[in-house]
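Reviewing the structure listed below.
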Amino acid sequence: MGLSPLVDITLSGIPAMSIQEGDVSGQILEAMVNRLELKISDRRVALMEGTIKMAIAAFLPRIILFGNYTNSSDSYQYYENILSYGICGILTLFDGFASIQRYKAAKQEHQQAMIQREQSCMKIMLEVINTRNLLDRAREQKDLLVMERDASITALKEVEAKWREGLVTGSDKLSAVSRYTTAETNVNLADYQYQVAVVTMKDVMGLTGKD
């Protein structure tokens, strides 16, 4: 890699993840705006509404009221044409009745799409609430362990000062160092769990890839 073996090399850590603070209702709203599955549900509802409109348009009978009147004085031919117009209108009406089934099917599909959309909304709401609870607990756990780590640092400094004056034994100093090391490890683990919770919250809110 072309690096000098005489130079100290320090690897940078993974950048800390963060998420904007806010109330649960705001996070739920943002999740509903960003989540792809809810957009798909909205699109499906819109398509079903269009299908219903087409079914209604097909249902409306286009009864023929005017036609090419005959110039003949033959009364039979005249009434035959009028009867033909009436039959044409009746057949169109029958076509409209046949469209009722298409209308009912479209309406049922629309209702099903609305139910699926409501289910998607409820699913997203529950995911946001549960993930927010996990995030809050991870933050509280991390803050608690940070305070314990800070207390262990203070205790270690006091023990080291006493050790230099010969007031405590080496085992006391080693015990204080061990407590600090354990506290520091716990903080690192808690921070990792908090970062995982932040990433999960971003994913639930549909923010993944937007940073």
Side-chain angles (χ1 to χ4, degrees), residues 1-43 115-211:
M1 298 177 62
L3 300 177
S4 174
L6 303 178
V7 178
D8 294 334
I9 300 175
T10 302
L11 299 179
S12 60
I14 300 176
M17 299 292 295
S18 62
I19 189 169
Q20 185 177 1
E21 297 291 338
D23 55 6
V24 178
S25 59
Q27 291 175 330
I28 290 175
L29 177 60
E30 189 167 3
M32 290 185 176
V33 171
N34 296 324
R35 290 284 289 270
L36 181 61
E37 59 266 35
L38 194 56
K39 294 180 181 179
I40 295 175
S41 298
D42 289 339
R43 181 60 177 168
I115 292 175
Q116 292 178 354
R117 184 181 185 278
E118 292 177 357
Q119 291 176 344
S120 297
C121 289
M122 292 297 299
K123 176 177 176 290
I124 291 175
M125 290 177 65
L126 291 176
E127 287 181 352
V128 173
I129 292 173
N130 292 334
T131 307
R132 174 59 184 268
N133 290 334
L134 293 175
L135 179 63
D136 291 341
R137 287 200 296 269
R139 183 189 296 109
E140 293 173 357
Q141 181 69 12
K142 178 183 175 181
D143 293 341
L144 177 61
L145 292 175
V146 167
M147 289 188 293
E148 293 180 357
R149 190 268 313 274
D150 294 342
S152 68
I153 292 175
T154 302
L156 177 59
K157 291 180 178 179
E158 293 178 354
V159 171
E160 287 178 341
K162 292 180 180 180
W163 180 76
R164 286 191 294 267
E165 296 176 0
L167 300 177
V168 296
T169 63
S171 61
D172 294 332
K173 178 184 176 181
L174 182 60
S175 178
V177 172
S178 177
R179 286 195 298 270
Y180 163 72
T181 302
T182 301
E184 183 67 24
T185 302
N186 291 336
V187 169
N188 292 334
L189 292 175
D191 182 68
Y192 173 78
Q193 293 175 352
Y194 174 73
Q195 296 298 320
V196 171
V198 169
V199 173
T200 304
M201 192 69 189
K202 284 179 172 289
D203 183 65
V204 169
M205 294 174 62
L207 300 177
T208 303
K210 292 190 176 184
D211 295 336

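Residue numbers count from 1 along this sequence. Fair warning: this is a prediction, and the values are worked out from it, not measured in the lab.
- Within the model, atoms CD of E30 and CD1 of I28 stand 12.0 Å from one another, a figure rounded to the nearest 0.5 Å.
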>> Does V196 form a side-chain contact (heavy atoms from CB on, under 4.5 Å) with Y192? I'd like the steps, not just the answer.
In response: CA-CA 6 Å; V196 171; Y192 173 78; 3.9 Å; yes
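- Between K202 atom NZ and L135 atom CG the span is 10.5 Å, to the nearest 0.5 Å.
- In this structure, CE on M205 lies 9.0 Å from CG on L29, to the nearest 0.5 angstrom.
- Of the inter-residue distances, the one linking Q195 atom CD with K142 atom NZ reads 6.0 Å to the nearest 0.5 angstrom.
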> Where do V128 and M201 land on the side-chain contact (heavy atoms from CB on, under 4.5 Å) test, with the steps shown first?
Replying inline: CA-CA 7 Å; V128 173; M201 192 69 189; 3.9 Å; yes
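- Take S120 and apply the side chain to side chain donor-acceptor pair (under 3.5 Å) test, not counting sequence neighbours, and it matches S41.
- Minimum interatomic distance between G26 and D23 (heavy atoms only, all atoms of both residues): N-OD1, 3.0 Å.
- Distance check, rounded to the nearest 0.5 Å: CD1 of I124 to CD of Q27 gives 14.0 Å.
- Across every non-hydrogen atom of T131 and A197, the tightest pair is CG2-O, 4.4 Å.
- Looking at N186, its side chain does come within 3.5 Å of a backbone N or O of T182 through a donor-acceptor pair.
- With sequence neighbours left out, E158 forms a side chain to side chain contact (heavy atoms under 4.5 Å, CB included) with T154.
- Considering CG of L189 and CD of E184, their distance stands at 10.5 Å, rounded to 0.5 Å.
- Looking at residues two or more places apart in sequence or on another chain, you find a side chain to side chain contact (heavy atoms under 4.5 Å, CB included) between K157 and I153.
- With hydrogens and angles disregarded, a donor-acceptor distance shorter than 3.5 Å links the side chain of S152 to the backbone of R149.
- The two atoms that bring L145 and V187 nearest to each other are O-CG2, 3.3 Å, heavy atoms only.
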> What do the steps show when you test T169 against D172 for side-chain hydrogen bond (donor to acceptor under 3.5 Å, both in side chains), and what is the final call?
Replying inline: CA-CA 5 Å; T169 63; D172 294 332; 3.1 Å; yes
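- In this view, E127 and R35, K123 satisfy the salt bridge (charged side-chain N to carboxylate O under 4.0 Å, His left out) rule, not counting sequence neighbours.
- Take E118 and apply the salt bridge (charged side-chain N to carboxylate O under 4.0 Å, His left out) test, not counting sequence neighbours, and it matches no residue.
- With hydrogens and angles ignored, the 3.5 Å screen pairs no side-chain donor or acceptor of S178 with any backbone N or O of L174.
- D136 pairs by the salt bridge (charged side-chain N to carboxylate O under 4.0 Å, His left out) definition with R132, R139, not counting sequence neighbours.
- Side-chain contact between M32 and M125 is present, with heavy atoms from C-beta onward closer than 4.5 Å.
- In plain terms, the two heavy atoms of Y194 and A138 that are nearest each other are CA-CB, 3.9 Å.
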